[in-house]
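Convention: sequence-line order gives letters A, B, ...; per-chain numbering from 1. It should be emphasised that the depicted structure is a prediction, and the values quoted were computed from it without experimental measurement.
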Number of protein chains: 2
Amino acid sequence: MSETLLAFFKAMADESRLRIIGLLAQGERSVQELARALDLKEPTVSHHLAILRGLGLLTVRAEGTTRWHVLDHAALEGLSKRVLQSATAPPPRGADVAEDKLLQGFVDRDGTLKQIPASRKKRAAVLRWLMRAFASGRRYSESEINTLLQEHHWDSATLRRELVGHNMLARKDRVYWRLPETDWKSGSAP
Amino acid sequence: MSETLLAFFKAMADESRLRIIGLLAQGERSVQELARALDLKEPTVSHHLAILRGLGLLTVRAEGTTRWHVLDHAALEGLSKRVLQSATAPPPRGADVAEDKLLQGFVDRDGTLKQIPASRKKRAAVLRWLMRAFASGRRYSESEINTLLQEHHWDSATLRRELVGHNMLARKDRVYWRLPETDWKSGSAP
DNA sequence: CGTCTAAATAGATGCCTATCGAAATGCAAG
DNA sequence: CTTGCATTTCGATAGGCATCTATTTAGACG
């Protein structure tokens with residue numbers, strides 16, 4: 001998934017390949033034609049075409065010894081849409097593998113917390129996930145905290161109390177801040 | 001325009017920067033935090049942040065000596081949309097500067113030919129633009145020609161005849177092919 | 001002003017890859 | 001089978017860029 005993202009951007013991050021895409025969007029072209037149009041040698045063009053083929057962006061048709069390449073508009077559009085969606089997606093879930101499955105039960109794909117888990121262990125996992133919204137070293141007002149939490153669940157007050165109870169957030173006066181992750185184990189039950 | 005496109009893809013074509021974007025999508029982070037999270041040195045992170053700032057993707061807030069960076073979601077989404085639109089756009093008009101203005105009067109943004117120009121000079125310009133759909137060296141059946149032309153105008157028959165009359169397409173039996181551009185000047189009136 | 005910390009800049013190094021020439025492959029035609 | 005052409009594969013080179021160390025700038029605090 002994420003590999004495709006990187007691969008896609010790397011493929012598009014080259015001027016020659018962008019120009020090739022432009023030409024192949026207009027119609028079929030042979031390697032020769034492309035080489036002449038771009039002022040490159042055939043091996044170079046072949047190299048670029050291989051990369052674009054690897055992403056499934058091209059359709060090839062052999063006619064004798066020459067190969068006619070053309071852009072697969074649908075493939076490009078599809079790939080782009082998927083890439084953009086994941087690139088501009090709202091707060092993504094963690095890269096952890098262990099917790100991820102657990103979270104999928106309680107967190108919607110758009111980042112909405114469907115329900116606050118009753119089980120202490122599961123609740124802790126969800127709270128850890130919520131902590132991704134808070135940077136360490138920064139101080140937050142209570143209203144800031146609520147705004148951030150409400151993006152995931154309506155009951156920001158409960159979540160805020162839970163976070164403090166699990167030693168993930170600390171509070172003094174009306175100011176909150178993130179505690180180091182090493183403290184999170186020794187939570188006193190709320 | 002096209003520079004922005006390349007710059008955007010180059011900026012996104014790096015794993016470290018993608019991870020930085022991921023982190024800054026969740027909330028504010030300092031350079032230190034990012035360096036620790038990514039296992040990189042501060043100068044490296046600083047370098048990446050400068051590139052992302054250059055594209056206007058980040059918002060920075062100074063607090064003492066530390067700078068809190070955060071992703072500007074709107075900017076990313078806007079840039080992405082624009083980039084994708086131009087990357088997946090239908091048959092683009094020429095890179096010529098001279099003809100381009102002329103074409104804008106007859107060709108819609110989506111590539112539809114609104115009207116076949118009556119003036120011979122303007123008609124020739126439009127026909128030249130249509131020829132971008134045809135590769136040299138390839139042979140086309142009449143139905144292929146019609147299919148390609150109908151993407152731009154319903155009256156493919158007239159367009160086909162005009163293209164032959166202007167020495168842009170040649171015809172023998174029922175097969176058509178593109179003529180070299182040097183022939184296009186000496187058109188015998190249809 | 002001197003010191004401490006956070007970040008930016010400068011300069012050096014190493015990896016990745018776009019590009020090329022040369023050689024190999026594949027296909028068509030005599 | 002041999003010849004010829006279009007393309008791919010191979011190996012080498014060079015330029016770009018991510019990353020590092022070392023240094024400089026800038027703010028906070030006494």
| query | What residues form a side-chain contact (heavy atoms from CB on, under 4.5 Å) with Lys122(B), not counting sequence neighbours? | reply | Leu102(B), Phe106(B), Pro117(B), Ser119(B)

| task | Let me know the distance between CG of Leu18(A) and P of dA18(C), rounded to the nearest Å. | result | 12 Å

| side-chain contact (heavy atoms from CB on, under 4.5 Å) with Ala37(A): which residues, sequence neighbours excluded? | Leu23(A)

| query | Where does the chain A footprint on DNA chain D start and end, counting 5' to 3' with a 4.0 Å heavy-atom cut-off? | reply | dA6(D) to dT9(D)

| task | Sequence neighbours left out, what passes side-chain contact (heavy atoms from CB on, under 4.5 Å) with Arg19(A)? Give chain and number order. | result | Glu15(A), Leu38(A)

| request: Mind checking Ile51(A) for me? I need base, sugar-phosphate or nothing, with any heavy atom below 4.0 Å counting as a touch. | output: sugar-phosphate

| Partners of Thr66(A) by side chain to side chain donor-acceptor pair (under 3.5 Å), sequence neighbours excluded? | Trp68(A)

| query | Do the side chains of Val70(A) and Leu58(A) get nearer than 4.5 Å, heavy atoms only? | reply | no

| remark: When rounded to whole Å, the CG to C1' distance for the pair Leu52(A) and dA18(C) reads 14 Å

| query | Val31(B): what forms a side-chain contact (heavy atoms from CB on, under 4.5 Å) with it, not counting sequence neighbours? | reply | Glu42(B), Val45(B), Leu49(B), His69(B)

What's touching nucleotides 24-29 of chain C from the protein side, N or O pairs under 3.5 Å?
none

| query | Whole Å only: how far is the CG atom of Leu6(A) from the P atom of dT17(C)? | reply | 10 Å

| query | Which whole-number value in Å describes the distance from Met12(A) CE to dA18(C) P? | reply | 14 Å

| query | Relative to the ring of His152(B), is the ring of Trp129(B) parallel (under 30°), tilted (30 to 60°) or perpendicular (over 60°)? | reply | perpendicular

| Contact class for Thr44(A) vs. all strands (heavy atom < 4.0 Å): base, sugar-phosphate, or nothing? | base

| message | Enumerate the side chain to side chain donor-acceptor pair (under 3.5 Å) contacts for residues 45-58 of chain A, please, sequence neighbours excluded, ordered by first and then second residue. | response | Arg17(A)-His48(A)

| said: At less than 4.0 Å, is any side-chain N or O atom of His48(A) found next to OP1 or OP2 of dT19(C)? Yes or no. | reply: yes

| note | Expected list for residues 34-43 of chain A near DNA chain C, using heavy atoms below 4.0 Å, is Leu40(A), Lys41(A), Pro43(A)

| query | Do Leu71(B) and Ile21(B) come close enough that some side-chain heavy atom pair is under 4.5 Å? | reply | yes

| remark: The answer to which of Ala50(B) and Lys10(A) contacts DNA chain C further toward the 5' end, by nearest nucleotide, is Ala50(B)

| task | Check salt bridge (Lys or Arg N to Asp or Glu O under 4.0 Å) between Lys81(B) and all other residues, then give those that pass, not counting sequence neighbours. | result | Glu77(B)

| request: Under 4.0 Å between any heavy atoms, over every strand shown, what does Arg53(A) touch: base, sugar-phosphate, or nothing? Just pick one. | output: sugar-phosphate

| remark: side chain to side chain donor-acceptor pair (under 3.5 Å) filter on Thr158(B), not counting sequence neighbours, yields Asp155(B)

| Nearest-angstrom distance from the residue atom CD1 of Ile20(A) to C1' of dT19(C) | 12 Å

